[in-house]
Each structure stands twice: as structure tokens, then as C-alpha cells.
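Count residues from 1 along the sequence.
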Amino acid sequence: KTLELRMERHAESAARIADALSSHPRVRRVYFPGLPSHPGHAIARRQMSGFGGMVSFELDGDIDEACAFTSSLKYFALGESLGGVRALVCLPCRMTHASIPADTRAALGLSDSLIRLSPGCESTRDLVSDIVTALDKLAETTARGQEEKEVVVR
């Protein structure tokens, strides 16, 4: 009975999340057909009435930073079954694709910093804020780590 309402919220949140991710310096690439920069945007625009509720992105970092990011989210729970009422995050290299050897994942173009997001029915503003806060926190931690390395080297 609530599918239409849920899909509207999923799509609205996904679009806002994709926009926020695409302008963040810690994000290498965003996969969301609603972004004009997405290679399939024109086709999706012609064939779809909306762009869906799933967003994937590659963090500009390594697997440890991707784990730190997913662990620091407040509104997103770790989960492999995406598309529900609750906001979920998946780190494929450690979850759905963990059985595939790292070199095979890399050869297939599956980055270890790939993160999948499935916004739930929570406030769109809260979800976007959660993601941006986690990315900013990661950026601060990385910057402090670089400063500490420079001090040790000197």
C-alpha cells in the first residue's frame, strides 16, 4: 500500500545524495543515472519516469577508509539487502563480493572503495547530512594523519 510513497522518498533522497557526493572532494566517482554526468543519463531520462533509489560511489581512498566511512554513518545500517524502509549501506568488497579474490575484483573494475547506498524513508536532509559529515570526518582524519607523517619524516 505504501510502495508509491516509499519510492518517491527513495528517489528524492537518492538524487540529493548523488548531488552531494558528486561535489565532495573525497568522492572519486558517483554512479546514479539521474546525474547528467552519468554515461546512461540520456537513455535513463527517456526510458524511466524517475531515476530510482540506489546510489553507488567510489570513495577517493582505500579499503580501510571505506570501512571507516561506512562504520561512522549514523542513519545508515550495514546491510546486503538493499531497497527497504531503513537506510542501508553496503561495502561490496567486504560483503556481497567478499568471495571474489581482490585481484579478480580489480580486473572486473570493482573498486575496494565502492560503496552502495540505499536511502530509506528517513528524512532526506538527515541522510545527506549524515553522509557529508562522515566524508568530512574522514577528510579531517586523513589530513591529520598526513600531518603526523610529515612531522615524523622531518
When rounded to the nearest 0.5 angstrom, what distance separates [atom1] in [X] from [atom2] in [Y]?
X      : Y      : atom1 : atom2 : result
Tyr31  : Ser37  : OH    : OG    : 11.0 Å
Ser113 : Asp64  : OG    : CG    : 11.5 Å
Arg86  : Cys121 : CZ    : SG    : 12.0 Å
Leu110 : Ile100 : CG    : CD1   : 6.5 Å
Cys93  : Arg105 : SG    : CZ    : 5.5 Å
Asp112 : Leu91  : CG    : CG    : 8.0 Å

Over all heavy atoms of both residues, which pair between [X] and [Y] is shortest? Give the atoms and the distance, please.
X     : Y      : result
Gly84 : Ser118 : N-OG, 4.2 Å
Phe32 : Ala18  : CD2-CB, 3.6 Å
His10 : Pro119 : ND1-O, 2.5 Å

Residue pairs passing the ring-ring contact (aromatic ring centres under 6.0 Å, His included) test with at least one member in residues 66-100, sequence neighbours excluded, are Phe57-Phe69

The single option from Leu78, Leu88, Val89 passing side chain to side chain contact (heavy atoms under 4.5 Å, CB included) against Leu73: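 Of all the options given, the one that passes is Val89.
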
Checking Val55, Val128, Ile115, Leu59 against Leu21 for side chain to side chain contact (heavy atoms under 4.5 Å, CB included), the one that qualifies is Val55

Taking [X] for its side chain and [Y] for its backbone only, find out whether a donor-acceptor pair lies under 3.5 Å.
X      : Y      : answer
Ser71  : Ala68  : no
Glu122 : Ala87  : yes
Glu65  : Asp62  : yes
Thr133 : Asp130 : no
Ser129 : Arg125 : no
Ser123 : Asp126 : yes
Ser13  : Arg9   : yes

Let me see the working for Thr96 and Arg116 under side-chain contact (heavy atoms from CB on, under 4.5 Å), right down to the final yes or no. CA-CA 11 Å; Thr96 56; Arg116 291 183 179 155; 3.9 Å; yes

Where do Phe51 and His41 land on the ring-ring contact (aromatic ring centres under 6.0 Å, His included) test, with the steps shown first?
CA-CA 9 Å; Phe51 297 109; His41 178 73; 5.5 Å; yes

With a sphere of 6.0 Å drawn around CD1 of Ile43, does it hold more than 12 non-hydrogen atoms of other residues, nucleotides or ligands? no

Open item on the list: Looking at Arg45, I want to see if its CZ is surrounded by more than 12 non-hydrogen atoms of other residues, nucleotides or ligands under 6.0 Å.
Closed with: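 Check fails, neighbour count at 12 or below.
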
Practice prompt. Evaluate the criterion side-chain contact (heavy atoms from CB on, under 4.5 Å) for residue pair Ser56 and Arg29; output intermediate values, then yes/no.
Written response: CA-CA 9 Å; Ser56 295; Arg29 185 171 180 188; over 6 Å; no

message: Under 4.5 Å between side-chain heavy atoms, counting indirect links through other Ile/Leu/Val/Met/Phe/Trp/Tyr residues: same cluster for Leu138 and Leu114 or not?
response: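 No, it is not one cluster - the side chains of Leu138 and Leu114 are not joined through contacts under 4.5 Å.
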
* Side-chain donor-acceptor contact under 3.5 Å, His24 with Asp60 -> no

Applying side-chain contact (heavy atoms from CB on, under 4.5 Å), run through Ile63 and Arg94 and close with a yes or a no. CA-CA 9 Å; Ile63 190 169; Arg94 291 276 170 95; 3.5 Å; yes

